[in-house]
Every structure is written in C-alpha cells, then in structure tokens.
Amino acid sequence: MFVTFEGVEGCGKTTQARMLAELLRGRGVEVVETREPGGSPIGPALRALLLSDGSDLLPSTELLLYAAERSEHVARVIRPALERGAWVVCDRYGDATRAYQAFGRGLPREAVERVHALATGGLEPGLTLFLRLPVEKALTRARSRNSTSSSAEGRFEAEEEAFHRRVAEGYEALAREFPRRIRPVDGGGSREAVFERIRGIVELLLHV
Ligand code: TYD
C-alpha cells in the first residue's frame with residue numbers, strides 16, 4: 001500500500017507520517033518511510049538545489065527537477081518496496097507538484113500531468129492524507145522552525161502569503177477532484193489529536 005501525506009508548509013505532515021509508520025510497524029507491517037524531495041539516491045543534491053535560499057529557478061525548471069527526482073524515487077525506492085509487499089509512507093508526492101507548480105506557480109496543469117506521468121509511469125498513491133491547517137497558522141510554524149534550525153531550506157517559506165494561499169486552494173481543489181484517494185484531515189489540535197483522526201481513516205479504509 002502506498003500512502004502519501006500532503007499539505008502546506010508547517011501543517012505537521014512530517015510528524016504524522018512518522019507516527020503512522022510507527023503504528024504500522026507495531027502491527028507487523030514492513031514500512032518504508034520516505035519523502036520528496038530527498039528520498040531517492042540523487043535526492044540530497046536535488047533537495048539542496050530546489051530548497052536553498054540562493055536558488056533562483058524558473059517554474060518550468062522547478063517542475064522538471066521535482067520530476068527528475070521522482071523518477072529515480074519511484075523506480076529505485078517506491079516500486080521495489082511495493083513489489084515486495086512493504087507499505088510506503090511518503091511525505092509529499094505528485095499532489096505537491098500539482099498544488100505548488102500548477103496552482104502555486106501557474107504552470108499549465110496538462111504539462112504538469114504529462115511530466116508527472118512520465119516520471120511515475122502512472123503510479124498514484126492508494127491513499128493521500130491531506131492535512132488542513134489555516135495558511136497563516138501553518139506558515140508561522142514553518143517560519144519559526146526554519147529560523148531556529150540551521151537549515152538553509154527557506155526558499156518556499158519565503159514566498160509571499162498569496163502563493164501559499166494558491167497552494168492551499170490547490171490542495172482543496174485536488175481533494176474535490178480525487179475524493180476517493182485524497183482524504184482531508186483537520187490538522188488542528190495536538191499531534192495526538194491529529195493522529196487519532198488519521199488512525200481512524202487508515203483503519204477504516206485499509207483494514208490494518
Ligand atoms: P518539504 O520537505 O515537505 O518541506 P516542509 O516540511 O517545509 O513542508 O517540502 C519542501 C518544499 O518543496 C515544499 O515547500 C514544497 C515543495 N515541493 C514542490 O514545490 N513540488 C513538489 O513536487 C514537492 C515534492 C515539493
């Protein structure tokens with residue numbers, strides 16, 4: 001089973017992905033925990049290029065770099081894991097490209113879909129958990145996390161609020177477009193409260 005987590009920066013998806021992986025392992029499931037950008041062998045280099053404050057990339061370059069990493073990630077990490085029966089829990093995947101590069105940057109959706117299909121061979125998650133949190137709240141979290149860490153990955157956090165609103169609206173539109181696959185989850189409250197919501201969905205839909 002292939003499960004992805006999505007949402008705007010600071011929505012808490014990284015913590016929730018880790019908690020889900022732990023729950024599944026506790027139930028005897030083999031879990032590969034991974035993320036985009038960064039999960040493939042070329043991931044660290046591309047992540048540095050994509051997220052560093054100093055990079056000034058065209059939207060089309062950005063799209064192609066995310067897709068290049070995804071192509072390696074799917075072929076070398078995700079598909080092999082799924083083929084041996086493991087679960088893959090991935091922090092961001094194709095919906096991030098749709099939300100950020102199509103809705104956020106304004107690239108044509110058909111171009112984004114064509115590039116994504118080439119990179120993935122059509123592999124889509126069985127379940128996508130979309131953590132919903134008001135943009136102002138999520139951004140405050142993401143920015144304070146970045147200012148207290150030594151990370152130089154602030155390129156997206158530094159974008160204007162209007163950009164993040166387009167991304168958030170993009171995720172909402174995607175949830176309407178793919179209602180069977182994308183499940184919105186209220187990202188408010190403690191991490192335990194959010195996880196209870198996720199556990200409920202996963203148990204109901206995936207019978208674990
Ligand atoms: P991530 O590491 O998930 O950062 P955060 O935990 O702060 O949300 O993602 C890094 C950034 O990459 C994030 O701002 C969204 C962006 N991104 C895209 O624009 N397109 C994509 O296809 C992916 C996977 C990520």
Side-chain angles (χ1 to χ4, degrees), residues 2-19 33-40 42-53 55-74 77-78 88-107 109 111-120 123-125 128-133 135 137-171 174 187 191 194:
F2 181 22
V3 181
T4 59
F5 280 81
E6 297 280 359
V8 296
E9 353 273 312
C11 69
K13 65 192 165 37
T14 306
T15 306
Q16 296 298 326
R18 197 171 312 130
M19 289 170 85
E33 243 180 296
T34 187
R35 68 170 176 174
E36 290 196 0
S40 80
I42 59 167
L46 280 186
R47 192 172 168 95
L49 198 60
L50 281 161
L51 305 182
S52 91
D53 298 335
S55 298
D56 179 18
L57 304 173
L58 293 170
S60 51
T61 310
E62 203 177 82
L63 169 68
L64 293 167
L65 289 177
Y66 280 111
E69 214 248 309
R70 184 161 308 136
S71 165
E72 292 291 317
H73 195 206
V74 167
V77 179
I78 301 177
V88 174
V89 174
C90 190
D91 185 349
R92 295 197 189 280
Y93 185 70
D95 297 311
T97 310
R98 297 179 175 109
Y100 283 80
Q101 278 67 54
F103 289 90
R105 299 287 190 220
L107 287 172
R109 178 74 188 275
V112 168
E113 291 300 335
R114 277 205 303 277
V115 169
H116 175 68
L118 177 67
T120 61
L123 179 71
E124 290 295 336
T128 297
L129 296 154
F130 158 38
L131 291 195
R132 251 187 197 143
L133 202 67
V135 170
K137 207 167 177 176
L139 273 184
T140 308
R141 255 205 227 171
R143 286 177 178 147
S144 75
R145 174 188 63 193
N146 248 26
S147 65
T148 53
S149 75
S150 57
S151 150
E153 296 188 341
R155 200 165 69 86
F156 282 88
E157 276 91 342
E159 281 291 335
E160 55 183 5
E161 197 156 317
F163 172 79
H164 293 283
R165 286 196 189 288
R166 290 197 297 280
V167 171
E169 280 158 19
Y171 275 124
L174 292 167
R191 63 176 65 179
V194 177

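Sequence positions, counted from 1, serve as the residue numbers for this chain. Counting starts at 1 for both ligands and their atoms, in listed order.
Between Glu62 and ligand 1, a contact under 3.5 Å exists for no N or O pair. For ligand 1, the polar-atom distance check against Lys13 finds a nitrogen or oxygen pair separated by under 3.5 Å. Residue Arg47 places at least one N or O, backbone or side chain, under 3.5 Å from an N or O of ligand 1. Residue contacts with ligand 1: Tyr66 is placed with a nitrogen or oxygen under 3.5 Å of a nitrogen or oxygen of the ligand (distance criterion only).
Contacts between Arg155 and ligand 1 below 4.0 angstrom, taking non-hydrogen atoms only, are absent altogether. By the criterion of a heavy-atom distance under 4.0 Å, the side chain of Arg92, and not its backbone, is placed next to ligand 1. The residue Leu50 has no part lying near ligand 1, judged by heavy-atom distances below 4.0 Å.
A tilted orientation is assigned to the rings of Phe156 and Phe163, their planes being inclined by 30° to 60°.
Summary of contacts: the protein heavy atom closest to atom 13 (C) of ligand 1 is Glu9 OE1, 3.5 Å. Nearest protein heavy-atom contact of atom 22 (O) of ligand 1 is Thr97 OG1, 2.6 Å. Protein heavy atom at the shortest distance from atom 11 (C) of ligand 1 is Leu51 CD2, 3.6 Å. Looking from atom 19 (O) of ligand 1 to the surrounding protein, the closest heavy atom is Gln101 NE2, 2.9 Å. Scanning all protein heavy atoms for the shortest distance to atom 7 (O) of ligand 1 gives Arg145 NH2, 2.7 Å.
Counting heavy atoms from C-beta on, the side chains of Leu57 and Arg155 come closer than 4.5 Å. Put simply, the side chain of His116 reaches to within 4.5 Å of the side chain of Tyr93, judged on heavy atoms. Two residues are said to be in side-chain contact when any heavy atoms from C-beta on lie closer than 4.5 Å; Phe2 and Leu123 meet this criterion. The closest side-chain heavy-atom distance from Arg35 to Arg47 is below 4.5 Å. Between Gln16 and Arg191 there is a side-chain heavy-atom pair separated by less than 4.5 Å.
Ligand 1 lies less than 4.0 angstrom from a heavy atom belonging to Glu157.
Phe103 pairs by the ring pair (Phe, Tyr, Trp, His ring centres under 6.0 Å) definition with nothing, not counting sequence neighbours. Residues satisfying the side chain to side chain contact (heavy atoms under 4.5 Å, CB included) criterion with Ile42, sequence neighbours excluded, are Ser40, Leu46, Glu69, Glu72.
Residue Arg70 approaches ligand 1 through these ligand atoms, each under 4.0 Å from one of its heavy atoms: 22 (O), 24 (C). Numbered from 1 in the order shown, with element, the atoms of ligand 1 that lie under 4.0 Å from a heavy atom of Glu36 read 24 (C).
One finds no salt bridge joining Glu159 and Arg166 here, because no Lys/Arg side-chain nitrogen approaches an Asp/Glu carboxylate oxygen to under 4.0 Å.
Counted by atom type alone, Gln101 and Tyr66 present zero donor-acceptor pairs between their side chains at under 3.5 Å.
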